[in-house]
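Residue numbers start from 1 in every chain, and the chains themselves are labelled A, B, ... in the order their sequence lines are given, proteins ahead of strands.
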Amino acid sequence: MFNPVNSRVNFPQLEEKILDWWKKNNIFQKTVDARQGGPLFVLFDGPPTVNGSPAIHHVLTSAFKDVIPRFKAMKGYYTPRIGGWDTHGLPVELEIEKQLGFSGKAQIEEYGIAKFNELCRQSVNHYMREFEEILERSGYWIELEHPYITMDNSYIESVWWAIKKMWDKGLVYQGYKVTPHCPRCGTSLSSHEVAQGYQDDIEDPSVYIKFKVVGSSIAGLTLDKFAYLLAWTTTPWTLPGNTALAVSPEAEYVVVEKDNECLIMASALLVAAGLDDCKILAKIEGEVLVGLRYEPLFNPHSFGVERQSFQENMELQSQEADDKLSYPVIGGDFVSMEEGTGIVHMAPAYGEVDFEVGRDEDLGFVHMVDLQGNIIGDYPFSGKFVKDADKEILADLKSRGLLFRSETIKHTYPFCWRCEAPLLYYAKQTWYIRTTAVKDALISGNDEINWYPEHIKYGRFGDWLQNNVDWAFSRERYWGTPLPVWHCESCGHLDCVGGLDDLKNKKGFSGFKEPLDLHRPFVDELSFACPQCGGQMKRVPEVIDAWYDSGAMPVAQSHYPFENETLLEDGRFPADYICEAVDQTRGWFYSLHAISTLLFGRPSYRNVICLGHILDAKGEKMSKRKGNVVLPFEVVKKYGADALRWYLYTASAPGNPRQFDEKQVDEVSRRFLSTLWNVYSFFVIYANIDNYKPESEIASTQEAELDRWIISELNQLITDVDSALDSYNPTDAGRKIESFVDGLSNWYVRRSRRRFWKSENDDDKLSAYNTLYQCLVTLSKLMAPFTPFVAEELYQNLVRSVSPDALESVHMTDFPVSDESRIDKRLSEDSRLAMEISSMGRAVRSQAGIKVRQPLARMWVKVMSEAEKRSIQRMEAQILEEVNVKSLEFGENIPQATGAVKIMVELDTNITAELEAEGMAREIVHRLQTMRRNAGYDIADHIIAYYEGDAHFVQVMSSFADYIKQETLSRELIDGVPEAVDLKETYKISGYSLLLGVKKSE
RNA sequence: GGGCCACUAGCUCAGUUGGUUAGAGCACAGUCCUGAUAAGACUGGGGUCUCUGGUUCGAGUCCAGAGUGGCCCA
């Protein structure tokens, strides 16, 4: 006996039950262990940053991460899967700052780094538990009891080892980088934060500045007056940092005369600058201006500020004082002819483009602003905040006749989203990893990776690699892996530490404090003796980019090389499979690829599914601010994890962005899971009535055509699903399963219903049971990687409840193997044709207004070929039943078929008295069946049926007595309805009236 | 400003190497069927396949450009 199945199933409840059972019986571990010795299949689990509650996209990625290893496990692969948590980084810090009401680093340091970092630790621990809960509940099988955690000492030690390896290869260096900097918070902001803080209509200065040309000729044109290059800026405070002017080489420039001076600017912008009425002395190409030199507005050496020059490795070196200093005019394709003068003021310390150009063109580098945004040196305006210095700088220039025009402009400008201070683009010293040294290896390594969808490979990811720049990987923050670089306070010697023993063995090491914590501020207290001068080595203040943490997981999750020394040889590296959303091309996909290429010279993963983002139902990005965030727990509680997973797999291609609407999840549940469940419950109800035993075998020759058809479809399905999953395409696999289930329910079961319903237990019935049983058991296995809960439920009841020796869980079974000899393409085609003909027959009935219950004498079919005719003849029995006609004829002379180019169907709509009576009998059966159900009888209960009515009915009742009795499980049909029946009902059918009564028979 | 992706029915999506009249599910209306089915069948309404050019005997499909949306970078 199978356990009885309720056709009204509550999926979420069912899942909770199975979840408990899995946990209690340690099923996940067993499915992994059972495959020990099989070929290894490695998933690297990209660690989510646990800086907030899990969202629906975390379920999306985990669903796609989960399905592949589950499939591989069933294919015999050994698939241990370690989960991980990304615990460091600015997002975590920001969460705590918000809690504490802080607005910057000064407050954190005042509060105490130790206490602050402790709060960060507590916060990620809290969110980690939330993540565990939702991932487990959604059926994601991953080792979460011993996950890798980026803040663990052992993890940090491996990261240190990885940095030290690069250090030893000369790949780590210090250089400058321009970042959006908040002068009040004293920190750089990420681009994401900057994007949040743009404000429109900000009033700023709009000034035209004169830069005096050195020499008295331009392109052969001799000048008898002073000449000035006219440049435009909205940030006067950057002018003391100016070290070059840029022009567009292809554009036309003019020399004009104004107030007995020569001014140079782009001709296209003369009108905007108000110089269109001046006399034009010469027209020249921008190219000609390149190489010209001009006097600095403020010679840094006169104001106690350093002038530096770019060195290789992006280092800077001080330059000697020069009171005859001049700066060059350079050419650049970034020079705009839309605004300004066509001559762009360059301050390499204060702009990203300026900085890059400065490096490439070997410009001077003058930095005259400190981290608080105050001007340093001995300028008249030193000590002022930059925005306040603007006016004084302009006044100074005006007094020297160098200010041509001064106005204001309204434009968009970024502000700090927390404290609303204007952001400054500002060059800061940063630690770099020289990824450009392995650029070729990064690109060729990518050739070996399979990307799904494919366009990412040489599109977004490939482009990113082509444009590779060195990785700025240090952060001046607190909660992160400390950069393992120590420097000597006396002589400046630098040393990188590659592990705890490395540190312990340093001469003069100050010793660890217990309990060991490798975070700031504790790690900052560790010191040792300088091997060069004997001075004290202290750690530099930076922590590292959290992307480095997660990118180092292939080694750090195993505490390599301190443990698991064989990691690189034993098949655990590289990974066979990773899966994340598309934003990770510049994130984890890159950091993983870069680190393994830098360390080992090869990629760390072979196959990637790159998912699109989840948007809300209207196609808008989900954000807390908009309040359109979908909480995964609520969806799972309402519809179940299987329904959600199935929706995620099948609704759209994995790489596409998807609009999430929970109505779609509901639809999946009703349309697909419920349909499957109903087939299953149908099977169990009848199998129990007939005491069906799955082990009873029957030779395939005795199978009905219908059985051979669905078995053929089933084997085709196995082939399709296997190959789709093998090529990392769960979406196609799922859609195939969907259409199979549709056919199973709406053709196989519908057509087979009477075979299960009939009272004798013959071979045909047994064959039907065997067939449906095989379909359901196979489906449970095919679906196990996708919908692990409902698959388990089916398997437990269909297999385990009758054969307790069977494997404990569906997830331990082998993935079905297709028996290709059972695939019958001909039969499949013929059946499809039968469905089509039946459908056309029903359409004709519908047009003629004759219901299906009314039998008809004949149908005619006009076919296009002999082959079609044979196919239909083969399927005749099924078509006759489905259309409810007595015979099928092939006719050339179908009344409406003249000139038709496809199959035509016509019906003989003449209803004879016999046919009418037979229809009436079916009508009565239908009413009695409905009454049985309303009376609450069990399907197998026998009844006594009573009737009273017009003579026509009495006649039908007696002519079709056997048929009616058999269909309604009536022991007797009795004329006359007594008082004591369970249910009675009056009907009017085709104008005749009838009273029916039913009573249970003991 | 640059790159990638998408755009097909009210909604969610199919649509193979270019080939008859562009499909499915949901939703809507009507009819029917039903002792597995909160299901199903049939019919109907609903489409300038985002737009404009081009290649071709033939374009939803290939090419170019534009538009809208999403993502990434600047």
Side-chain angles (χ1 to χ4, degrees), chain A residues 5-9 191-192 194-195 333-334 336 338 352-353 356 453 455-464 466-467 581-587 610 612-615 617-621 647 650-653 655-661 663-672 674-686 731-732 735 738-739 742 745-747 749-750 752-753 756-757 772 835 838-854 882-884 901-902 922 925-926 928-941 967-969:
Chain A
V5 174
N6 190 337
S7 66
R8 306 258 156 97
V9 60
S191 57
H192 172 75
V194 176
D333 55 8
F334 53 86
S336 160
E338 305 292 316
E352 286 178 80
V353 174
E356 281 163 26
H455 64 79
I456 304 284
K457 180 170 182 169
Y458 294 118
R460 193 176 283 206
F461 194 68
D463 287 346
W464 173 248
Q466 291 289 349
N467 297 316
V582 64
D583 53 294
Q584 298 297 334
T585 29
R586 267 83 166 169
C610 183
H613 284 125
I614 299 195
L615 309 171
K618 287 184 226 134
E620 285 178 39
K621 200 171 155 174
Y647 162 76
T650 58
S652 68
N656 289 352
R658 58 189 77 216
Q659 295 180 205
F660 185 89
D661 189 344
K663 277 190 287 193
Q664 310 274 344
V665 181
D666 187 36
E667 193 196 316
V668 158
S669 173
R670 285 189 292 108
R671 181 175 49 81
F672 175 62
S674 286
T675 304
L676 174 71
W677 189 265
N678 288 321
V679 172
Y680 161 64
S681 103
F682 171 85
F683 171 82
V684 169
I685 287 168
Y686 286 97
T731 303
D732 278 1
R735 286 172 175 173
E738 248 175 29
S739 89
D742 186 63
S745 171
N746 288 319
W747 190 255
V749 174
R750 189 150 57 91
S752 300
R753 209 179 290 149
F756 294 100
W757 183 222
L772 186 51
M835 290 178 212
S838 304
S839 173
M840 293 169 82
R842 283 191 297 262
V844 174
R845 274 184 172 275
S846 174
Q847 276 153 25
I850 302 170
K851 48 191 174 184
V852 180
R853 214 180 283 132
Q854 174 62 57
E882 191 67 18
V883 186
N884 196 16
V901 290
K902 55 180 181 182
R922 287 192 58 157
V925 167
H926 170 57
L928 282 171
Q929 300 287 37
T930 307
M931 288 175 75
R932 285 181 58 108
R933 180 164 42 178
N934 292 343
Y937 298 155
D938 210 60
I939 287 169
D941 284 343
E967 290 292 314
T968 59
L969 291 186

Worksheet, complete the sentence: Ranking B/C71, B/C5, B/A36 by distance to the side chain of A/His613, first place goes to B/C71

Worksheet item: Given the rule in the ring-ring contact (aromatic ring centres under 6.0 Å, His included) test, do A/Trp677 and A/Tyr680 qualify, once you have shown the distances and angles that lead to the verdict?
Response: CA-CA 5 Å; A/Trp677 189 265; A/Tyr680 161 64; 4.9 Å; yes

Item to complete: Write down the distance between CG (A/Asn746) and P (B/U37), rounded to a whole number of angstrom.
Response: 13 Å

Discussion item. Using a 4.0 Å heavy-atom cut-off, does A/Arg670 contact any base of the nucleic acid, only the sugar-phosphate backbone, or nothing at all?
Written reply: sugar-phosphate

Practice prompt. Provide the distance between the two P atoms, one in B/A6 and one in B/A24, to the nearest whole Å.
Written response: 24 Å

Item to complete: Give none if B/A64 has no partner; otherwise give the nucleotide forming a Watson-Crick or G-U wobble pair with it, both distances under 3.5 Å.
Response: B/U52

Practice prompt. Please state how far atom OH in A/Tyr458 lies from atom C1' in B/C72, giving the value in whole angstrom units.
Written response: 20 Å

Worksheet item: Touch check for A/Glu667, heavy atoms < 4.0 angstrom, all strands: base, sugar-phosphate only, or nothing?
Response: sugar-phosphate

Worksheet item: Across the strands shown, which category fits A/Ser681 at heavy-atom distances under 4.0 angstrom: base, sugar-phosphate, nothing?
Response: sugar-phosphate

Item to complete: Please state the C1' separation for the pair B/U55 and B/G65 - nearest whole angstrom.
Response: 15 Å

Worksheet item: Could you state the interatomic distance from CG (A/Asn746) to CE (A/Met835), rounded to the nearest 0.5 Å?
Response: 10.0 Å

Worksheet entry | P gap between B/U34 and B/G15, integer Å | 37 Å

Fill in: Criterion side chain to side chain contact (heavy atoms under 4.5 Å, CB included) on A/Arg460 and A/Arg586, from CA distance to verdict
CA-CA 9 Å; A/Arg460 193 176 283 206; A/Arg586 267 83 166 169; 2.9 Å; yes

Practice prompt. Sticking with atom C1', work out how far B/G46 lies from B/A9, rounded to a whole angstrom.
Written response: 6 Å

Worksheet item: Base, sugar-phosphate, or nothing for A/Phe756, non-hydrogen atoms under 4.0 angstrom?
Response: nothing

Practice prompt. In sequence, state the C-alpha distance, the side-chain angles, and the governing distance for A/Gln664 and A/Val668, and then conclude on side chain to side chain contact (heavy atoms under 4.5 Å, CB included).
Written response: CA-CA 6 Å; A/Gln664 310 274 344; A/Val668 158; 5.9 Å; no

Practice prompt. Run the numbers on A/Glu738 and A/Arg671 for side chain to side chain contact (heavy atoms under 4.5 Å, CB included), then give the verdict.
Written response: CA-CA 9 Å; A/Glu738 248 175 29; A/Arg671 181 175 49 81; 3.6 Å; yes

Discussion item. Taking 4.0 Å as the cut-off, does a side-chain nitrogen or oxygen of A/Tyr680 come that near to OP1 or OP2 on B/A36?
Written reply: no

Practice prompt. Compare the minimum distances between each of B/C72, B/A36, B/G70 and the side chain of A/Pro657, then state the nucleotide with the smallest one.
Written response: B/G70

Worksheet item: Is there a Watson-Crick or G-U wobble partner for B/A24 with both distances under 3.5 Å, and which nucleotide is it?
Response: B/U12

Practice prompt. Classify the ring geometry between A/Tyr686 and A/Phe682 as parallel (under 30°), tilted (30 to 60°) or perpendicular (over 60°).
Written response: tilted

Fill in: Closest nucleotide among B/G70, B/C13, B/U34 to the A/Arg658 side chain
B/C13

Practice prompt. Classify the side chain of A/Ser745 and the base of B/A39 as holding, or not holding, a donor-acceptor pair under 3.5 Å.
Written response: no

Discussion item. With a 4.0 Å limit, can you tell me whether A/Gln659 has a side-chain N or O closer than that to the phosphate oxygens OP1/OP2 of B/C11?
Written reply: no

Item to complete: Specify the residue among A/Tyr937 and A/Ser652 whose closest nucleotide of RNA chain B lies further upstream toward the 5′ end.
Response: A/Ser652

Discussion item. With rounding to the closest Å, how many angstrom separate the C1' atoms on B/C11 and B/C28?
Written reply: 12 Å

Discussion item. Taking pairing as Watson-Crick or G-U wobble with both contacts under 3.5 Å, can you name the mate of B/C57, or confirm there isn't one?
Written reply: B/G19

Item to complete: Please identify each residue that fulfils ring-ring contact (aromatic ring centres under 6.0 Å, His included) with A/Tyr647, with sequence neighbours left out.
Response: A/Phe660

Practice prompt. Ignoring backbone atoms, test whether A/Arg671 places a side-chain nitrogen or oxygen under 4.0 Å from the OP1 or OP2 oxygen of B/C26.
Written response: no

Worksheet item: Just how far, in rounded Å, is P of B/C4 from CZ of A/Phe461?
Response: 17 Å

Worksheet item: Which nucleotide sits closest to the side chain of A/His926: B/U34, B/G70, B/A6?
Response: B/U34

Worksheet item: Taking atom C1' of B/A38 as reference, at what distance in whole Å does atom CG of A/Asp666 sit?
Response: 10 Å

Discussion item. Rounded to whole Å, how long is the line connecting atom CG of A/Asp732 with atom P of B/C13?
Written reply: 15 Å

Worksheet item: Between A/Gln664 (CD) and B/C13 (P), how many Å, whole number?
Response: 7 Å

Fill in: B/U16 to B/G23 separation - P atoms, rounded to the nearest Å
14 Å

Item to complete: For B/G1, give its Watson-Crick or G-U wobble partner with both distances under 3.5 Å, or none.
Response: B/C73

Discussion item. Over all strands shown, is A/Val749 touching base, sugar-phosphate only, or nothing at heavy-atom distances under 4.0 angstrom?
Written reply: base

Worksheet item: Just by distance, do the side chain of A/Ser674 and the backbone of A/Ser669 share a donor-acceptor pair under 3.5 Å?
Response: yes

Worksheet item: Where each residue is assigned the nucleotide of RNA chain B containing its nearest heavy atom, which of A/Thr930 and A/Asp463 is assigned the position nearer the 5′ end?
Response: A/Asp463

Worksheet item: Given atom CD1 of A/Ile614 and atom C1' of B/C71, what is their separation to the nearest angstrom?
Response: 14 Å

Worksheet item: Under a 3.5 Å cut-off for both distances, is B/G40 Watson-Crick or wobble paired, and to whom?
Response: B/C32

Item to complete: For A/Arg753, answer base if it contacts any base atom (sugar-phosphate contacts may also be present), sugar-phosphate if it contacts only those atoms, and nothing otherwise; contact means non-hydrogen atoms under 4.0 Å.
Response: base

Practice prompt. Take the protein atom CG of A/Leu928 and the nucleotide atom C1' of B/U34, then report the distance between them rounded to whole Å.
Written response: 15 Å

Practice prompt. Taking atom C1' in both B/U20 and B/G2, compute the distance separating them and give it to the nearest angstrom.
Written response: 44 Å

Fill in: Whole-Å P distance, B/C49 and B/C72
32 Å

Response to the item:
Regarding the side chain of A/His455, the nearest nucleotide among B/G70, B/C5, B/A36 is B/C5

